[in-house]
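Taking it in order: structure first as structure tokens, then the write-up.
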Amino acid sequence: METLAILVAAGRGERMGASRPKAFLALGGKPILLWAAEAFASAPSVDALVAVVPAAELEDARELLGPLSKLRAVTRGGSRRQDSVLEGLKQAPDGFDGIVLVHDAARPLVEVGTIEAVVHAARETGAALPMLALADTVKRVRAGRVVETLDRTELAGAQTPQGFRFALLVRAYEAAFRDRVTLTDEGVALERLGHPVAAVAGTARNRKITTTEDLSWAEDLLLRERGRVAP
Ligand code: CTP
Ligand code: MG
């Protein structure tokens, strides 16, 4: 096995405010988690998939993802995102020395091109992630007052999948857990070690579904693409 993808779907989806965790909500008639899993299943360089889900969803997730031939395991997550990623890392085969991809299942519309670009860059440099330029002017605000305006040309939003040589991510994770650092993504664990992280082009389509507005945006996008409504 050369490339293992870990889909983290074990969050509670509190900002979505739905009765089920958001990875299990329907988008265009199928669960968000399945959209993400199918994207990775159809990426030529991905060999195996691991899904990390809430304990209460294990059975449903196994049934949902079972038909995917690249599925390696469905396992339960932890309380923080990084705890869920750690559970996913434990599902790698013994002696694995390939590339591991970590993806938010909450980004269901990730393109195969992005996955392939991340794998390619991670093979070259050891660590890579997709970045998307920011549209808004970005300012630092403290106690309700603008402190400064940041140079937007140097800023970008980090997306997933984030790809790493497996041993490198494990080392970075071990250091972060030892130092009790809260990780907002995998890249920050590498940055702490001073390891270079390559940036590849992110896309607007790979937006994270966080609120009901994001879900409506994704529904509208799919409807437009299916030609049911005029663009
Ligand atoms: N995630 C996870 N385990 C956690 C927390 C988050 O696997 N303990 C996953 C989510 O399922 C999601 C991704 O990490 O696919 C990004 O997290 P986020 O968008 O914050 O999702 P939730 O934590 O589910 O949402 P919220 O923060 O609104 O509760
Ligand atoms: Mg969260």
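Counting starts at 1 for both ligands and their atoms, following the listed order. Source: prediction; values computed, not measured. The chain is numbered in sequence order, starting from 1.
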Evaluation steps, side-chain contact (heavy atoms from CB on, under 4.5 Å), between Val147 and Val141
CA-CA 5 Å; Val147 182; Val141 179; 6.0 Å; no
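Interface of Arg12 with ligand 1, defined as ligand atoms under 4.0 Å from a residue heavy atom, comprises 24 (O). Annotation for ligand 1: atoms under 4.0 Å from non-hydrogen atoms of Ala105 are 15 (O). Against a heavy-atom cut-off of under 4.0 Å, Ala9 is close to the following atoms of ligand 1: 7 (O), 11 (O). The atoms of ligand 1 that sit less than 4.0 Å from any heavy atom of Arg80 are 4 (C), 8 (N). Near Ser84, meaning under 4.0 Å from one of its heavy atoms, ligand 1 places the atoms 2 (C), 3 (N), 4 (C), 7 (O), 8 (N). Residue-ligand proximity, Ser79 to ligand 1, at heavy-atom distances under 4.0 Å covers atoms 8 (N).
Within a 6.0 Å radius of CD in Glu219, other residues, nucleotides and ligands contribute more than 12 heavy atoms.
For atom 19 (O) of ligand 1, the nearest non-hydrogen atom of the protein is Lys208 NZ, 2.6 Å. Taking atom 22 (P) of ligand 1 as the reference point, the nearest protein heavy-atom neighbour is Gly13 N, 3.6 Å. Summary of contacts: the protein heavy atom closest to atom 29 (O) of ligand 1 is Glu14 N, 2.7 Å. Scanning all protein heavy atoms for the shortest distance to atom 12 (C) of ligand 1 gives Val8 O, 3.7 Å. In terms of protein heavy atoms, atom 21 (O) of ligand 1 is closest to Lys22 NZ, 3.1 Å. Of all protein heavy atoms, the one closest to atom 7 (O) of ligand 1 is Ala10 N, 2.8 Å.
His103 and Phe40 have tilted rings, their planes meeting at an angle from 30° to 60° on a 0 to 90° scale.
Considering only heavy atoms from C-beta on, Leu169 comes within 4.5 Å of Leu190 through its side chain. Looking only at side-chain heavy atoms (C-beta outward), Ser84 and Ile6 stay at 4.5 Å or farther from each other.
One finds no salt bridge joining Glu59 and Arg62 here, because no Lys/Arg side-chain nitrogen approaches an Asp/Glu carboxylate oxygen to under 4.0 Å. The pair Arg20-Asp60 counts as a salt bridge, with a side-chain nitrogen and a carboxylate oxygen less than 4.0 angstrom apart. Ion pairing between Arg81 and Glu186 holds under the 4.0 Å rule for side-chain N and carboxylate O.
The shortest N or O to N or O distance between Arg15 and ligand 1 is under 3.5 Å. Remark: ligand 1 and Ile209 share no N or O pair separated by less than 3.5 Å (distance only, no angle test).
Here the shortest heavy-atom pairing between Ala127 and His195 reads CB-ND1, 4.4 Å. Scanning all heavy atoms of the two residues, the minimum distance from Ser45 to Arg123 falls at CB-NH2, 4.1 Å.
Taking all heavy atoms of Ile6, Asp104, Val85 into account, the minimum distance to atom 13 (C) of ligand 1 is reached by Asp104. When the heavy atoms of Ala51, Gly78, Gly11 are ranked by distance to atom 11 (O) of ligand 1, first place goes to Gly11.
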